[in-house]
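These notes are about the structure you will find just below.
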Amino acid sequence: MGEWWTTVPIGTSLGNEEISSISHVTMSPSRPNNLVSMYSSLPLSRSSYNMLSAFCTEDNIPQCISYINQELDSLGLSSTCIEASSPGGAGLNKAPALNAIYELLQIHRRDMSTLEELEKEQLKKCSTLDHIQMNNSRLKACMTRCDQLELSIREKSGLHETERQLLLKIKTMQSCLKTEKDEVQKLQSVVASRASQYSHDAKRKEREAAKLKERLSQLLVDRKDKKLAIDVLNCLGRSDGKRSQWKTAKATAGHESEMYKSLLNDYEVSQRSLMTENAELKKVLQQMKKEMIHVLSPCQPSPRGATADDSQDQVDSDGEEKAGDSSRETLDQSCEYAREQLANSIRQQWRKLRNHMEKLDSQASLVQSQLESNQEVVPRETHENEMERMRREVQQCKEFIHAQQQLLQQQLNTSFDDETAALLNDCYTLEEKERLKEEWRLFEEQKRNFERERKNFTEAAIRLGREKKAFEEDRASWLKNQFLNMTPFMDRRRCSSSDGQSALSIRSEPELRISSTKAKLAKSSAYTTFSTPKPLPSAAVPSTAELYRTLRLIPDSSSSRNSNRGYWQESSSVEDGDARVQPKNRVRSGDLSIFSLGEDEYSLT
Amino acid sequence: MNFSEVFKQSNQLCKVSPDGKYMATCVQYRLEVRDVSTLQILQLYTCLDQISHMDWSSDSLFILCAMYKRGLVQVWSLEQPDWHCKIDEGSIGLVSSRWSPDGRHILNTAEFHLRVTVWSLCIKAVSYIKYPKACQKGIDFSRDGCYMALAERRDCKDYVSVFVCDDWHLLRHFETETQDLAGLEWSPNGCVLAVWDSCLEYKVLLYSLDGRLLSAYSAYEWSLGVKSVAWCPNSQLLAIGSYDEKVRILNHITWKKITQFEHPSSINNTKAVVYKEVDKRTAVTSDDLSLHITLGTALFNTRSKYEICPLPVQFPVVKPDPDRANPKIGVSSLAFSSDSRYLATKNDNMASVVWVWDMRKMSLVAVLEQTSAVRCFQWDPRRPRLALCTGNTTLYLWSPAGCVSVQVPTEGGLQVQSLNWHRSGDSLMLLGKEQLCLCYMDTDQEDK
């Protein structure tokens with residue numbers, strides 16, 4: 001390639017040169033070598049030109065001439081040989097020397113021009129090289145792009161291929177579908193034809209069969225089948241007792257009417273049922289409507305304020321109500337108009353109800369949000385109160401439980417030392433025994449009192465008997481004196497009313513008067529006997545009880561009683577205070593003390 | 001619940017008279033008539049051949065015994081034992097014999113459905129009706145006994161003839177819009193005639209008594225259609241069971257579908273109670289061996305009981321063979337309870353399951369899953385109580401209150417093939433293959 005590029009400028013330069021030079025060039029095939037040598041020699045010559053004197057002196061002229069001749073020979077300028085004008089002389093033949101110089105100058109000029117040209121060429125070549133390099137890089141980029149392109153092209157072709165295949169497939173599928181469709185159609189037609197053929201055949205066969213049947217029956221009839229017979233011992237009456245009849249012309253009309261009658265009956269029944277159903281539905285509708293009106297009209301003003309919107313509604317509903325009333329009146333006539341009206345009004349009411357419901361819903365949500373923000377609502381307050389109360393109750397219960405727990409703890413603590421527990425138990429039983437004894441004594445005393453009283457009573461009765469007699473006698477005398485004095489009756493009344501003893505009130509007046517005083521006496525004594533024993537235990541029992549209280553030791557096995565007692569102890573101080581004011585109450589409390597009162601207390605809490 | 005002793009019978013021919021007083025049983029050639037209350041034999045008749053069909057007249061005075069092979073019908077009187085009547089159909093043959101509703105005529109269908117012969121017992125007269133159609137249910141009498149509807153086939157077209165039973169006058173004769181009429185049935189009030197097409201086409205037609213077409217109903221096309229039809233006792237509903245395992249309910253006003261009941265193979269979410277019959281035999285085997293020896297029979301007689309199944313429930317389904325005709329699929333049995341409140345159904349590919357539907361709520365009430373295929377179920381004519389049998393020695397009863405299974409305590413074990421309620425609802429006739437037994441309900445205990 002390099003050679004190709006270098007030869008071109010030579011070609012172009014050849015045109016400009018003289019023919020002689022051409023011949024020169026063509027003569028020397030190794031021109032570039034010569035050129036190089038020329039280049040190399042030129043600076044030499046230039047530098048030598050400055051030291052010309054050094055090269056050629058007067059002394060060495062012939063040597064220089066010969067040397068130059070040689071040089072010229074080697075340069076191919078042999079024709080113009082410089083000859084010394086005189087052998088061994090320093091003179092020079094002027095014409096050949098000048099020719100040689102001219103020739104050299106020519107050569108030099110030519111070389112210079114060629115050098116210029118070459119330089120130009122060099123520049124040109126450089127630029128072309130640059131250009132070529134640029135081109136090359138551009139081409140290289142192009143190549144890579146080309147590669148990419150090629151790749152994409154290849155891909156594209158691949159895709160095309162697949163597409164083609166797919167298309168092919170589709171085509172085959174379509175053809176398949178077509179054939180299938182055709183097949184289906186064919187099959188359908190086959191089925192249809194077969195069906196028609198089948199039905200035709202079936203019909204034919206059926207006809208044949210019918211014909212056969214006909215023939216068969218004909219034959220059977222013709223044969224006068226002897227066997228075909230009914231053998232009845234004696235004919236039966238009809239089940240309804242009527243004379244049996246067999247298809248008379250008269251009856252036919254009757255049958256028709258009968259049939260229509262039954263049909264009519266059926267229709268009437270169904271119509272009636274439909275009517276009743278309709279009526280019921282209407283009733284339901286009416287009721288619904290009425291209720292709707294009822295629900296709508298009072299509801300609207302109450303929950304919401306008297307806003308303009310509401311008043312509008314109110315007016316509307318009123319108008320509606322009127323319309324409803326009118327429709328109700330006309331409804332019974334069951335004409336179209338009424339029905340329409342009813343339906344319309346219902347629809348309207350329904351719409352309103354729906355609106356109302358929606359409003360209520362929104363209101364409810366509003367109220368809820370209000371409630372959340374604002375807690376000072378009346379139900380909330382009561383709720384709060386209730387909560388407070390319950391909290392208090394819970395607190396009380398807690399306290400109670402706490403007290404119980406405490407007591408239990410104490411009980412447990414005491415029960416840790418068994419000896420004291422046993423002792424206490426013993427004490428308790430002892431105390432109980434004591435109390436029992438006391439009670440026994442009391443009972444005995446009461447018994448004695450009763451005995452004494454009974455004795456008194458018998459004595460009084462005897463006395464009364466005696467006195468009755470006396471009284472009878474007295475009465476006789478009294479009667480004689482015609483009831484002059486009525487005072488004893490008054491006395492009697494006073495006595496009986498004051499007397500609590502109903503058993504004595506049956507007696508007759510005079511006796512009673514006397515006996516009652518005695519009875520009073522007896523009774524007073526009885527009362528004393530009743531009351532006297534009580535202070536004794538009251539003095540004794542509370543003391544032990546109080547002992548336990550102060551000790552805070554309750555000797556019992558059952559925990560429930562313990563707790564009862566424990567609780568009672570707390571309130572007992574008040575009880576005691578009461579007891580001091582009223583001795584009789586005190587007695588009782590002392591008497592029943594530990595058990596009953598404690599229980600009462602418990603039940604109260 | 002009490003059980004009578006076991007009686008012999010043949011061909012499951014045993015019927016209680018319409019008045020409920022007598023019970024007629026066929027044993028080979030003989031016809032025995034018993035008093036229902038005492039079970040004493042009142043009359044004994046001997047027929048000429050083995051009896052293939054027996055029926056009471058509507059007034060309970062006569063009994064018809066048909067011997068199809070010989071083409072013979074013999075009629076016996078209960079009041080006059082020496083009265084007799086013999087009808088010979090001769091060479092034309094006999095395939096079906098039945099009483100007319102008045103109990104004074106006998107309708108014999110000849111072989112090949114050549115004709116229907118009407119014999120009068122009053123005047124010895126005979127009348128022929130030609131072209132009767134051979135189908136599932138070609139003759140039906142209205143419940144009041146006034147009219148007879150007869151399916152006919154002429155010129156490859158279906159016709160229906162309505163006769164007045166009183167004097168066999170042809171009242172109406174009309175062509176029906178069916179391809180191949182399969183059956184007809186009067187509504188209980190006798191004013192509407194339901195006609196349905198063969199299973200090849202789903203078509204139910206409703207005709208008025210005067211032959212007007214009131215309505216036609218078709219649920220779907222192409223696949224197999226109607227399998228069974230039942231009227232509600234109050235004539236207000238018509239239930240249609242079909243091969244698609246559904247029951248469709250039509251109303252009597254518009255004759256449109258109100259609802260449809262499906263019979264799914266699994267129940268996931270329902271308010272209905274699912275009763276499952278559980279064999280207790282396994283429980284017995286877990287007992288002591290000594291117990292077994294003493295209760296030797298208990299080993300072989302399976303004691304079953306019902307258990308309430310928790311949802312979801314999966315029922316055993318038999319896939320029908322699509323290549324065979326009359327596939328075992330679809331609702332083949334429908335029965336309304338006497339008060340029209342309940343409907344019991346059976347789907348053929350779940351033969352061991354009986355479905356009970358509430359007709360007021362139009363929803364499923366109960367499902368009874370038996371261990372074996374249900375042979376027969378029938379409602380108590382007085383109460384909402386369903387009796388069913390599965391061909392074993394157990395009688396099953398369902399009522400809204402619950403479900404119970406009762407072992408029939410007979411020696412040798414009566415395999416109950418079918419059952420019939422007495423009209424009072426107090427007793428139940430259980431028919432085995434060769435035996436029968438009466439079951440008396442405890443009127444006190446029934447409500448438990």
Side-chain angles (χ1 to χ4, degrees), chain A residues 195 199-200 202-207 209-210 212-221 223-240 242-256 258-267 269-271 273-274 277, chain B residues 57-59 61-62 71 73 75 77 80 82-92 102-104 106 110 112-115 117 119-128 130-131 144 146-147 153-156 162 164 166-172 179 189-192 208-210 235 252-253:
Chain A
S199 64
H200 176 77
K203 264 183 192 166
R204 197 165 53 80
K205 285 209 173 110
E206 204 177 312
R207 255 186 222 117
L212 268 173
K213 277 183 191 174
E214 193 90 358
R215 192 69 166 280
L216 183 63
S217 58
Q218 196 62 45
L219 278 173
L220 284 167
V221 169
R223 226 177 77 190
K224 297 264 182 205
D225 197 349
K226 285 286 187 302
K227 276 174 89 181
L228 185 73
I230 180 165
D231 171 26
V232 187
L233 188 69
N234 53 329
C235 290
L236 300 168
R238 275 169 60 116
S239 52
D240 53 4
K242 274 191 262 177
R243 264 191 67 190
S244 53
Q245 47 194 355
W246 194 273
K247 219 188 246 183
T248 51
K250 230 194 264 177
T252 55
H255 289 318
E256 287 278 315
E258 198 74 16
M259 178 191 81
Y260 282 122
K261 217 185 270 175
S262 68
L263 268 181
L264 209 68
N265 236 4
D266 178 53
Y267 278 123
V269 165
S270 66
Q271 201 215 349
S273 70
L274 282 176
E277 200 181 321
Chain B
S57 69
S58 58
D59 52 7
L61 292 175
F62 301 96
V73 173
V75 185
S77 165
Q80 301 160 268
D82 49 347
W83 184 87
H84 62 87
C85 167
K86 192 181 89 183
I87 300 168
D88 195 341
E89 285 289 344
S91 46
I92 201 159
D102 65 354
R104 294 294 177 272
I106 290 170
F112 308 115
H113 285 75
L114 276 180
R115 65 190 184 195
T117 319
W119 299 93
S120 168
L121 299 186
C122 301
I123 51 171
K124 280 195 188 174
V126 64
S127 170
Y128 301 114
K130 269 192 178 176
Y131 312 113
D144 59 0
C146 283
Y147 304 104
R153 184 83 176 176
R154 297 180 193 189
D155 281 339
C156 306
V162 179
V164 180
D166 220 18
D167 56 2
W168 305 106
H169 170 76
L170 179 67
L171 186 70
R172 281 286 182 278
Q179 291 293 316
N189 64 7
C191 290
V192 182
S208 163
L209 179 57
D210 54 356
S235 303
H252 75 298
I253 295 167

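Each chain gets a letter, A, B and so on, in the order the sequences are listed, and its residues count up from 1.
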Partner chain A: residue of Val192(B), Asp210(B), Asn189(B) with the largest heavy-atom pair count (under 4.5 Å): Asp210(B)
If you count heavy-atom pairs within less than 4.5 Å of chain A, which of Arg172(B), Gln80(B), Arg154(B) leads?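 Ranked by contacts with chain A, first place is Arg172(B).
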Is chain B contacted by the side chain of Leu274(A), its backbone, both, or neither, given a heavy-atom distance below 4.5 Å?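 Only the side chain of Leu274(A) comes within 4.5 Å of chain B.
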For Asp166(B) and His255(A), which I'm curious about, is there any donor-acceptor pair between the side chains at under 3.5 Å? no
As an exercise, state the distance from CD of Glu206(A) to SG of Cys156(B), rounded to the nearest 0.5 Å. 4.0 Å
If you measure from CD on Glu277(A) to CD1 on Ile253(B), what distance do you get to the nearest 0.5 Å?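 CD1 of Ile253(B) is found 6.0 Å from CD of Glu277(A).
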Need one label for [X]: side chain, backbone, both or neither, based on atoms under 4.5 Å from any heavy atom in chain A.
| X | value |
| --- | --- |
| Ser235(B) | neither |
| Asp82(B) | backbone |
| Leu61(B) | neither |

Tell me whether the count of non-hydrogen atoms from other residues, nucleotides or ligands lying under 6.0 Å of CG in Asp155(B) goes above 12. no
Assess whether side-chain contact (heavy atoms from CB on, under 4.5 Å) is satisfied between Leu212(A) and Lys205(A), documenting all intermediate values. CA-CA 10 Å; Leu212(A) 268 173; Lys205(A) 285 209 173 110; over 6 Å; no
